[in-house]
Amino acid sequence: MKMFVVFVTLVHVSQHASAVELYEGEEFVLLPCEFHTFELDDPTVVWSRYDLHPSTVHQRQQEGDELKDQNQLYSSRTSMMTDALETGDLSLNLTKLRLSDSGTYTCTVRTFRWGERRVTDVQLQVKERFPSWAKVLLVLLVVGLVVSVYNALLQSLMGLGSEFQRVGAATEKALSPQVRVEVDSEVESVQLPCKTTVHLPEDVSVEWRDRNILRGCCVYQNSSDQPEEQDGPYRG
């Protein structure tokens, strides 16, 4: 006579559930779970998210953490108290919160003898610290401010340039007023008038030029004439 031994796993579902809301970027969150694991023989605790594959978020055994099946989204971001199975405090510590961490986390206790018990479900909601519409509005405000400052600066520079042009034109007019002098071709010399009301420094350079042929007629610098600076037709 053959004997068949059948192991039946009994799954108990707890009615406990909780919800936690935090903002993206928070340092950590503690997902609560308590169960009298200290009364069980060789228990295992598994935190899971069944909307992911693999679904394991964290697993703790008597020997310590068992993370070979852990979803890589939670790598180096989960932990439990070292004496969790001795105290029954099975809470999960999750660090560096992300928007993708939002979901339902299930705390389950397993034993070889008693099977599996679903202890609690924790609904975690990770919110954006600044909603998308607020980020867009902030960008638009910054762009608008930059454009306004740029336009104001441009207007100031244009006004300053116009003022420089006005002052330059006035100075040029003061230095070189238009005077018409007529003489006969037989005249040996002629004096071309040039006066200014502006006080000039001692090292100023004065140059007469023929505008029609763009030649230097005469250069006066350092209180004396500079004949070497004259073009050929005007030397001597």
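The first residue of the sequence shown is numbered 1, and numbering continues consecutively from there. Computed over heavy atoms, backbone and side chain alike; hydrogens, waters and symmetry mates excluded.
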S.K.: What residues form a side-chain hydrogen bond (donor to acceptor under 3.5 Å, both in side chains) with Asn71, not counting sequence neighbours?
M.R.: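 By the side-chain hydrogen bond (donor to acceptor under 3.5 Å, both in side chains) rule, Asn71 matches no residue at all.
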S.K.: How close do Val109 and Pro43 get, heavy atom to heavy atom, and via which atoms?
M.R.: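 Looks like CG1-CB, 4.4 Å.
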S.K.: List the steps, then state whether side chain to side chain contact (heavy atoms under 4.5 Å, CB included) holds for Trp47 with Leu31.
M.R.: CA-CA 10 Å; Trp47 279 92; Leu31 306 183; 3.8 Å; yes
S.K.: If you count heavy atoms of other groups shown closer than 6.0 angstrom to NE2 of His36, is the number above 12?
M.R.: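 Above 12, so yes.
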S.K.: OG/Ser148 to CG/Leu153 distance, rounded to the nearest 0.5 angstrom?
M.R.: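 Ser148 atom OG to Leu153 atom CG measures 12.5 Å (nearest 0.5 Å).
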S.K.: When rounded to the nearest 0.5 angstrom, what distance separates CZ in Arg110 from CD in Glu116?
M.R.: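 Between Arg110 CZ and Glu116 CD, I get 4.5 Å after rounding to 0.5 Å.
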S.K.: Identify, with sequence neighbours excluded, every residue that meets salt bridge (Lys or Arg N to Asp or Glu O under 4.0 Å) alongside Lys96.
M.R.: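 For Lys96 there are no salt bridge (Lys or Arg N to Asp or Glu O under 4.0 Å) partners, ignoring immediate neighbours.
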S.K.: Is it the case that more than 12 heavy atoms not belonging to Asp41 sit under 6.0 Å from its CG atom?
M.R.: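 Not more than 12 within 6.0 Å, no.
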S.K.: Does Asn151 have any side chain to side chain contact (heavy atoms under 4.5 Å, CB included) partners at least two apart in sequence or in another chain, and if so, which?
M.R.: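 Partners of Asn151 under the side chain to side chain contact (heavy atoms under 4.5 Å, CB included) test: Val147.
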S.K.: Of all heavy-atom pairs between Arg98 and Leu73, which one has the smallest distance, and what is that distance?
M.R.: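 In terms of heavy atoms, the two residues are closest at NH1-O, 3.4 Å.
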S.K.: For a quick test of reading the model, state the closest non-hydrogen atom pair linking Val122 to Pro32 and the distance between them.
M.R.: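 That closest heavy-atom pairing would be CG2-O, 3.7 Å.
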S.K.: Does Thr37 reach the main-chain N or O of Leu85 with its side chain, forming a donor-acceptor pair under 3.5 Å?
M.R.: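 Flag set: sc Thr37 to bb Leu85 pair under 3.5 Å.
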S.K.: Taking only residues two or more places apart in sequence, or in another chain, which ones meet Thr95 in a side chain to side chain contact (heavy atoms under 4.5 Å, CB included)?
M.R.: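 Partners of Thr95 by the side chain to side chain contact (heavy atoms under 4.5 Å, CB included) criterion, ordered by chain and then number, come out as Phe28, Arg77, Asn93.
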S.K.: Just do the side chain to side chain contact (heavy atoms under 4.5 Å, CB included) check on Leu124 and Val20 with the steps written out, would you?
M.R.: CA-CA 5 Å; Leu124 175 63; Val20 179; 4.1 Å; yes
S.K.: Just wondering, are more than 12 heavy atoms of other shown residues or ligands nearer than 6.0 Å to CD in Glu39?
M.R.: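 Enclosed: over 12 neighbouring heavy atoms sit under 6.0 Å from CD of Glu39.
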S.K.: According to side-chain hydrogen bond (donor to acceptor under 3.5 Å, both in side chains), who are the partners of Gln125, at least two apart in sequence or on a separate chain?
M.R.: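 Gln125 satisfies side-chain hydrogen bond (donor to acceptor under 3.5 Å, both in side chains) with no other residue.
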S.K.: Run the salt bridge (Lys or Arg N to Asp or Glu O under 4.0 Å) test against Glu34 and tell me which residues pass, sequence neighbours left out.
M.R.: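 Partners of Glu34 under the salt bridge (Lys or Arg N to Asp or Glu O under 4.0 Å) test: none.
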S.K.: Quick one: CG on Leu145 to CG on Leu140, what's the gap to the nearest 0.5 Å?
M.R.: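 It comes to 12.5 Å.
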S.K.: Once rounded to the nearest 0.5 Å, what's the spacing between atom OG of Ser79 and atom CG of Leu92?
M.R.: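 Rounded to the nearest 0.5 Å, the OG-CG separation comes out at 7.0 Å.
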S.K.: Checking Tyr74 now: which residues fulfil side-chain hydrogen bond (donor to acceptor under 3.5 Å, both in side chains) with it, not counting sequence neighbours?
M.R.: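 Per chain and number, Tyr74 pairs via side-chain hydrogen bond (donor to acceptor under 3.5 Å, both in side chains) with Arg49, Tyr105.
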S.K.: Would Trp114 and Val119 show up in the same hydrophobic cluster when neighbours are defined by side-chain heavy atoms closer than 4.5 Å?
M.R.: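 Shared cluster, yes.
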S.K.: More than 12 heavy atoms of other residues, nucleotides or ligands under 6.0 Å from CZ of Phe38: yes or no?
M.R.: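 Buried by this count: over 12 neighbours within 6.0 Å.
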S.K.: Taking all heavy atoms of Asp89 and all of Ala84, pick out the closest pair and write down the distance.
M.R.: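 Minimum heavy-atom contact is O-CB, 3.2 Å.
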S.K.: Phe35 vs Leu40, test: side chain to side chain contact (heavy atoms under 4.5 Å, CB included). Steps then yes/no.
M.R.: CA-CA 10 Å; Phe35 193 74; Leu40 303 178; 3.8 Å; yes
S.K.: Does one hydrophobic cluster hold both Leu94 and Tyr50, with members joined at side-chain heavy-atom distances below 4.5 Å?
M.R.: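 No.
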S.K.: With sequence neighbours left out, which residue pairs that include part of residues 139-154 fulfil the salt bridge (charged side-chain N to carboxylate O under 4.0 Å, His left out) condition?
M.R.: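 For residues 139-154: none.
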S.K.: Using atom types as modelled and distance alone, determine if a side-chain donor or acceptor of Ser102 lies under 3.5 Å from a backbone N or O of Val126.
M.R.: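 Looks like yes, one N/O pair under 3.5 Å.
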S.K.: What pairs with Glu26 under salt bridge (Lys or Arg N to Asp or Glu O under 4.0 Å), at least two apart in sequence or on another chain?
M.R.: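 With neighbours one apart ignored, the set is Arg129.
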S.K.: Could you tell me which residues satisfy side-chain hydrogen bond (donor to acceptor under 3.5 Å, both in side chains) with Glu66, sequence neighbours excluded, listed by chain and number?
M.R.: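 With neighbours one apart ignored, the set is empty.
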S.K.: Given Met80 and Gln59, is the side chain to side chain contact (heavy atoms under 4.5 Å, CB included) satisfied, shown in steps?
M.R.: CA-CA 9 Å; Met80 296 175 62; Gln59 182 170 315; over 6 Å; no
S.K.: For Leu67, which residues count as a side chain to side chain contact (heavy atoms under 4.5 Å, CB included) partner, sequence neighbours excluded?
M.R.: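 Partners of Leu67 under the side chain to side chain contact (heavy atoms under 4.5 Å, CB included) test: His58, Asp65, Gln70.
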S.K.: Leu97 and Tyr23: same hydrophobic cluster, using ILVMFWY side-chain contacts below 4.5 Å?
M.R.: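 No, because Leu97 and Tyr23 fall into different hydrophobic clusters, even though each may have its own neighbours under 4.5 Å.
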S.K.: Are Thr106 and Val46 packed together at the side-chain level, in the sense that at least one heavy-atom pair is separated by less than 4.5 angstrom?
M.R.: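 No; the side chains remain at least 4.5 Å from each other.
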S.K.: Taking only residues two or more places apart in sequence, or in another chain, which ones meet Leu154 in a side chain to side chain contact (heavy atoms under 4.5 Å, CB included)?
M.R.: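 Result, side chain to side chain contact (heavy atoms under 4.5 Å, CB included) vs Leu154: Tyr150, Met158.
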